[in-house]
Amino acid sequence: CFRCKVMPLRVLDAQGRGEVGAVIEAIDYAVKMRVNILNLSFVGVHGSPALGEALQRAWRAGLVIVAAAGHDGEGQAVDMDTTPQYPVCSDSSENIIIGVGAVDDDKKLAPFSNYGKRCTYIVATGTKFVGLQPVFPGQENFRQLYGAWWSGTSLAAPVVSGAAGLLKSIYPSLTNAEIRDRLLGHAESLALQNPEVYTKMGAGLLNIFESLVPPALTGSSSIPTNYFYPGIVTAMTEGGKTQVRIFDHRKRLLRQFVA
């Protein structure tokens with residue numbers, strides 16, 4: 001994300017547990033610090049009016065709010081229309097939270113990803129991530145600075161948050177509602193890959209490239225048209241390595257290399 005900065009706010013302990021009060025305090029702090037994008041990569045089964053009010057304050061302050069759809073705690077998916085999860089389902093009918101589910105390499109809903117018409121608004125890649133990890137020399141899987149093949153909606157949500165940040169950095173005049181609508185409006189339908197559940201996967205698969213199409217091509221008048229971006233960088237893992245590909249605004253491959 002060009003010119004973006006990350007502000008990590010820790011609200012959970014090493015076991016992934018935490019108190020609602022800590023989450024509210026972090027949200028209010030993010031508002032105070034004039035953050036643009038709020039990513040919530042955690043989920044619980046109990047709603048909180050106080051948390052809902054904090055999210056309302058964040059939305060009114062202009063923050064884009066992104067939340068992971070989560071799973072049932074045992075790694076299995078649930079229908080959030082019948083079993084709501086929080087904070088992803090905390091926005092009632094106002095649509096102030098972009099709920100994010102996860103899909104696999106075949107664009108099929110990941111078996112661990114929750115879904116639901118009311119709380120899921122978009123899906124993003126949520127499997128086989130490579131990235132930094134905490135180092136615990138005594139634990140076999142945590143002896144290196146980098147780890148591989150992580151999966152979860154907690155990873156899919158930041159992909160959407162990153163896309164929102166990219167939009168904000170390129171088109172700073174966009175409001176949180178305009179960023180939300182642009183991401184959802186350019187999502188890719190996954191009806192073919194998910195015939196039985198696609199109606200509960202929101203707008204479809206996040207399409208960052210289409211969301212960034214210059215407004216002159218979309219007819220929008222609210223976004224400045226004098227910003228030029230030379231290309232979009234994407235990354236994928238092949239044999240444990242990260243391949244970077246750079247495309248121009250016409251989707252033509254300009255360059256690729258292994259990082």
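Atom set for the values below is all heavy atoms of this structure, side chains included, hydrogens, waters and symmetry mates excluded.
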Please round to the nearest 0.5 Å and tell me the distance separating atom [atom1] of [X] and atom [atom2] of [Y].
X: Glu188; Y: Leu206; atom1: CD; atom2: CG; value: 10.0 Å
X: Ile122; Y: Leu183; atom1: CD1; atom2: CG; value: 5.5 Å
X: Glu19; Y: Ile24; atom1: CD; atom2: CD1; value: 11.0 Å
X: Leu38; Y: Asn36; atom1: CG; atom2: CG; value: 11.0 Å
X: Leu166; Y: Leu212; atom1: CG; atom2: CG; value: 4.5 Å
X: Asn95; Y: Ile65; atom1: CG; atom2: CD1; value: 11.5 Å

So which heavy atom on [X] is nearest to which on [Y], and how close?
X: Thr120; Y: Lys200; answer: CB-O, 3.9 Å
X: Ser151; Y: Lys128; answer: OG-N, 3.3 Å
X: Gln193; Y: Ser189; answer: OE1-O, 4.2 Å
X: Asn207; Y: His186; answer: CB-O, 3.3 Å

Check the hydrophobic clustering (I, L, V, M, F, W, Y; side-chain heavy atoms under 4.5 Å; chains of links allowed) and say if [X] and [Y] are grouped together.
X: Leu184; Y: Leu190; value: no
X: Val103; Y: Phe209; value: no
X: Ile37; Y: Val31; value: no
X: Val11; Y: Leu55; value: yes
X: Ile98; Y: Leu174; value: yes

Do the side chain of [X] and the main chain of [Y] share a donor and acceptor less than 3.5 angstrom apart?
X: Arg182; Y: Ser211; answer: yes
X: Asp91; Y: Ile97; answer: yes
X: Asp104; Y: Asp106; answer: yes

Side chains of Met7 and Tyr29, heavy atoms from C-beta outward: is any pair under 4.5 Å? yes
Taking only distance into account, with no hydrogens and no angle test, what donor-acceptor pairs under 3.5 Å do side-chain atoms of residues 153-162 form with protein atoms, sequence neighbours excluded?
from	atom 1	to	atom 2	distance (Å)
Thr153	OG1	Gly70	N	2.7
Ser154	OG	Ser41	O	3.2
Ser161	OG	Asn39	OD1	2.7
Ser161	OG	Ala157	O	3.4

Atom pairs and distances, donor-acceptor, side-chain atoms in residues 56-64, under 3.5 Å, two or more places apart:
from	atom 1	to	atom 2	distance (Å)
Gln56	NE2	Glu94	OE2	2.7
Arg57	NE	Asp28	OD1	3.2
Arg57	NH2	Asp28	OD1	3.1
Arg57	NH2	Asp28	OD2	3.1

Scan the side chains in residues 82-89 for donor-acceptor partners under 3.5 Å anywhere in the protein, sequence neighbours excluded, and list what turns up.
from	atom 1	to	atom 2	distance (Å)
Thr82	OG1	Asp79	O	3.0
Gln85	NE2	Thr83	O	3.2

